[in-house]
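Please read the structure below before turning to the comments.
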Amino acid sequence: MSENASIYAQSGVDTAAGDLAVELMKSAVGRTHGPEVLGGVGGFAGMFDASALLGYKRPLLASSTDGVGTKVAIAQAIDKHDTIGQDLVAMVVDDIVVVGAKPLFMTDYIACGKVVPQRIADIVRGIAEACEATGTALVGGETAEHPGLLGPDDYDVAGAATGVVEADRMLQPALVQHGDVVLAMAASGLHSNGFSLVRHILSERGIGYGDRSDDLGASYGEALLTPTALYTAPLLRVLDDPSLDGAIHVLSHVTGGGIAANLARVLPQGAWVEVDRASWSPLPVFRHLAELGGHTLESLEGAWNLGIGMFAVVAADRAPQVAAALTAEGLDTWVAGTVSTSARDFAGFEQGAKGVDGGAVRLVGGYAG
């Protein structure tokens, strides 16, 4: 270690640990690189050969950025860090596929109180494996050590990605028509939203993350760290199927804000959907947490996905074929509602969300047992 590095280490920043973390993650990151990635790992900027875009008539770039939220607190509590990376990629890349875009590349950022090389490598390995699964090149990242600001075991993660879609193949609310069928795709669990409420419920009950739950068949920490499902690759394969060309009009990623709000934001103004609760049964983790907190499932629809991770709004005459194709791709899919543009009173509906003046959605009926 040089004298300058040693002086820096005295302030709590260990550059040697950072270098070791990079060495541990290099092979996993490298597996996400195709010939379009230039320069490998460690450059100041990630380089991506954009000449592939020359094959597009009018390429539109899609970008997204996100984090994992307070789910990282559970990973830190039980010292398990190999799934948070998939959560991050899912939160970013599955937003990009919503417009029909193929993700091209991604970068990540990890802020921590102390660089523990194996911990950082576990996080980045999870990111890289999810990038590989979704066809996304992990072209760069940053690990920043913030002693004094974060505790030695504390960290947070964030990422950003860029994708591309041909302009005339972009999915958008303008494509939605009266009578379109709303298909729901199953979630793997809580995904990466609503964990502040989860942590509050467990804290109020005095439950630790290492405590075992017979209802969940695992410790609370293990059950809650079930990684967010990855929808991008199977959705892109269905979108690229010539026999289903044009059948999918919009997609909605069910994240923060819950079920109704996220579907409403991809519908055109004047369009509405009543999502039938009887079309699915919320996963056991939701039922168990609701019972612990003394909440009804209906009261939690704006906080948790309750078992729906993605919606597809599709042409009515092709809905069975799309549902079959999604199911064949490993996405459990079912009909959850129908789009209407008939005039009506929207009292009790969620209308738009996050600044979007979209359509209107409400959930109706009772959940399946």
Pairs involving residues 153-198, ordered by first then second residue, that meet ring pair (Phe, Tyr, Trp, His ring centres under 6.0 Å) (sequence neighbours left out)
His81-Tyr155
Non-hydrogen side-chain atoms of Thr255 and Met91 separated by less than 4.5 Å:
yes
Could you check Ser51 against Asp49 for side-chain hydrogen bond (donor to acceptor under 3.5 Å, both in side chains), going step by step and ending with a plain yes or no?
CA-CA 6 Å; Ser51 61; Asp49 184 352; 2.9 Å; yes
Minimum heavy-atom separation for Ala229 and Ala90, please, with both atom names.
O-CB, 3.6 Å
With a 4.0 Å cut-off, would you call Arg58 and Asp168 a salt bridge?
no
Rounded to the nearest 0.5 angstrom, the OG-CG distance for Ser63 and Leu60 is 12.0 Å
Go through the structure and list residues passing ring pair (Phe, Tyr, Trp, His ring centres under 6.0 Å) with His288, not counting sequence neighbours.
Tyr220
Do Leu306 and Ile259 make a side-chain contact, defined as non-hydrogen atoms from C-beta onward lying under 4.5 Å apart?
yes
Would you call the rings of Trp280 and Tyr367 parallel, tilted or perpendicular if under 30° counts as parallel and over 60° as perpendicular?
perpendicular
How about Trp272 and Val361: do any of their side-chain heavy atoms sit closer than 4.5 Å?
no
Where do Phe346 and Gly270 come nearest, in terms of heavy atoms and distance?
CZ-O, 4.2 Å
One thing to verify: whether Lys114 and Glu145 come together as a salt bridge, which I'm taking to mean a side-chain N less than 4.0 angstrom from a carboxylate O.
no
Report yes if the side chains of Lys80 and Leu225 come closer than 4.5 Å at any heavy-atom pair, otherwise no.
yes
Please name the pair of heavy atoms, one in Ser252 and one in Leu263, separated by the smallest distance, quoted to 0.1 Å.
OG-N, 3.5 Å
Interatomic distance, Leu224 atom CG to Leu202 atom CG [nearest 0.5 angstrom]
6.5 Å
Hey, any chance Leu175 and Val181 share a hydrophobic cluster, counting ILVMFWY side chains that come within less than 4.5 Å of each other, even indirectly?
no
With clusters defined by side-chain heavy atoms of hydrophobic residues (ILVMFWY) lying less than 4.5 Å apart, directly or transitively, does Leu300 cluster with Ile201?
yes
Parallel, tilted or perpendicular for Phe286 and Trp304, by the 30°/60° rule?
tilted
Basic-acidic side-chain contact under 4.0 Å: Glu204, Arg199
no
With the side chain counted from C-beta on, respond yes when Arg125 and Asp82 share a heavy-atom pair under 4.5 Å apart, and no when they do not.
yes
Is Glu222 close to Leu216 at the side-chain level, that is, under 4.5 Å between some pair of heavy atoms?
no
Derivation and outcome, side-chain contact (heavy atoms from CB on, under 4.5 Å), residues Val238 and Ile248
CA-CA 9 Å; Val238 173; Ile248 297 177; 4.0 Å; yes
Hydrophobic cluster membership, with links at side-chain heavy-atom distances under 4.5 Å among I/L/V/M/F/W/Y: are Ile123 and Val93 in one?
yes
Below 4.0 angstrom, N of the basic side chain to O of the carboxylate: do Arg119 and Asp153 qualify?
yes
CG (Leu283) and CG (Asn305) are apart, to the nearest 0.5 Å, by 7.5 Å
Closest heavy-atom pair, Gly135 versus Lys102, reported as atoms and distance to 0.1 Å, is O-NZ, 4.1 Å
CG on Leu326 to CE on Met185, rounded to 0.5 Å
5.0 Å
Compare every heavy atom of Ala271 with every heavy atom of Val339, then report the nearest pair and how far apart it is.
CG1-CB, 4.1 Å
If I compare all heavy atoms of Pro173 with all of Val250, which pair ends up nearest, and what's the gap?
N-CG1, 3.6 Å
State yes or no: do Val266 and Leu171 share one hydrophobic cluster built from I, L, V, M, F, W and Y residues joined by side-chain heavy-atom distances below 4.5 Å, directly or via other members?
no
Does the plane of the ring in Tyr231 sit parallel, tilted or perpendicular to the ring in His253? Use 30° and 60° as the thresholds.
perpendicular
Go through the steps for Ser192 and Thr228 under the test side-chain hydrogen bond (donor to acceptor under 3.5 Å, both in side chains), then give the verdict.
CA-CA 7 Å; Ser192 298; Thr228 306; 2.9 Å; yes
When rounded to the nearest 0.5 Å, the distance separating CE of Met106 from CG of Leu88 is 4.0 Å
Do the charged groups of Glu301 and Arg277 touch, with an N to O distance under 4.0 Å?
yes
